[in-house]
Amino acid sequence: QVQLVESGGGSVQAGGSLRLSCTASTTTWDSHCVGWLRQAPGKEREAVAVIDRDGTAMTVIPDKNPRRISISKDSGNNTLYLQMNDLKPADTATYYCAADPLCVPRPQTWYAFQYWGQGTQVTVSA
């Protein structure tokens, strides 16, 4: 079992930045695939960025400037981060942290994540 708790969401104006954090309840998630996903009202949940078991970090959401979004992990603090810069109103969504030990690929969510946080809201105003 892995419990995940997100924080860092909020309301920002377009062009601003946010760093989301996700703290895990156990160090065993070091061997898991982890990621950030988001779900906007009326839309399906989609993967934003992931880190696979080898530690390879990838921004997977289609974006004209994918470098404005980056994922990182601090194993010492059991914390996963999502840095988002140059935020746009289209980034408005509930953001979820997720983890899975098996890393089975799945369309839309990238992996079939088993463990999920409760979500943190990000609202970007024009």
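Heavy-atom basis, side chains included; hydrogens, waters and symmetry copies ignored. For this chain, numbers begin at 1 and follow the sequence in order.
- Remark: Arg68 pairs with Asp63, Asp91 by the salt bridge (charged side-chain N to carboxylate O under 4.0 Å, His left out) rule, at least two apart or across chains.
- Within a 6.0 Å sphere centred on CD of Gln108, heavy atoms belonging to other residues, nucleotides or ligands number more than 12.
- Here Ser17 pairs with Asn85 under the side-chain hydrogen bond (donor to acceptor under 3.5 Å, both in side chains) rule; sequence neighbours left out.
- Linking ILVMFWY side-chain heavy atoms closer than 4.5 Å, directly or via other members, places Leu87 and Val48 in a single hydrophobic cluster.
- Heavy atoms only, all atoms of each residue included: Asp100 and Leu102 are closest at OD2-N, 2.8 Å.
- Note: Ser25 OG to Leu4 CG = 7.0 Å, rounded to the nearest 0.5 Å.
- Between the side chain of Arg53 and the backbone N or O of Pro101, at least one donor-acceptor pair lies under 3.5 Å.
- Without hydrogens or angle criteria, Asp52 side chain to Asp54 main chain gives a donor-acceptor distance under 3.5 Å.
- Here Val5 is tied to no hydrophobic group at all, with no ILVMFWY side chain closer than 4.5 Å.
- Contact record, Ser72 with Leu80: O-CD1, 3.3 Å, taken as the closest heavy-atom pair.
- Under a hydrophobic clustering in which Ile, Leu, Val, Met, Phe, Trp and Tyr are joined whenever their side-chain heavy atoms come within less than 4.5 Å, directly or via other members, Met84 and Trp110 fall into different clusters.
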Which donor-acceptor pairs under 3.5 Å do the side chains of residues 115-126 make with protein atoms, sequence neighbours left out?
{"residue": "Trp116", "atom": "NE1", "partner": "Phe113", "partner atom": "O", "Å": "3.1"}
{"residue": "Gln118", "atom": "NE2", "partner": "Glu6", "partner atom": "O", "Å": "3.4"}
{"residue": "Gln118", "atom": "NE2", "partner": "Glu6", "partner atom": "OE1", "Å": "3.4"}
{"residue": "Thr120", "atom": "OG1", "partner": "Gly9", "partner atom": "N", "Å": "3.2"}
{"residue": "Gln121", "atom": "OE1", "partner": "Thr94", "partner atom": "OG1", "Å": "2.9"}
{"residue": "Gln121", "atom": "NE2", "partner": "Ala93", "partner atom": "O", "Å": "3.4"}
{"residue": "Gln121", "atom": "NE2", "partner": "Thr123", "partner atom": "OG1", "Å": "3.4"}
{"residue": "Ser125", "atom": "OG", "partner": "Val12", "partner atom": "O", "Å": "3.4"}

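- Atom CZ of Arg19 and atom OG of Ser7 lie 9.0 Å apart (nearest 0.5 Å).
- Between Leu82 atom CG and Ser21 atom OG the span is 9.5 Å, to the nearest 0.5 Å.
- Atom-to-atom distance recorded for Ile71:CD1 and Met58:CE is 9.0 Å, nearest 0.5 angstrom.
- Residue pairs meeting the ring pair (Phe, Tyr, Trp, His ring centres under 6.0 Å) criterion with at least one member in residues 66-109, sequence neighbours excluded, do not occur.
- Taking the side chain as every heavy atom from C-beta outward, Asp30 and Lys73 approach each other to under 4.5 Å.
- Between Leu18 atom CG and Ile69 atom CD1 the span is 11.5 Å, to the nearest 0.5 Å.
- Separation of atoms CD1 (Ile61) and CD (Glu46) is listed at 3.5 Å; rounding is to 0.5 Å.
- The shortest non-hydrogen separation linking Pro66 to Thr59 is O-CG2, 3.7 Å.
- A pairwise comparison of heavy atoms in Thr26 and Val2 identifies CG2-CG2, 3.6 Å as the closest pair.
- Follow the hydrophobic side-chain contacts under 4.5 Å out from Ile51 and you reach Leu20 in the same cluster.
- Residue pairs meeting the ring pair (Phe, Tyr, Trp, His ring centres under 6.0 Å) criterion with at least one partner in residues 7-44, sequence neighbours excluded, do not occur; the list is empty.
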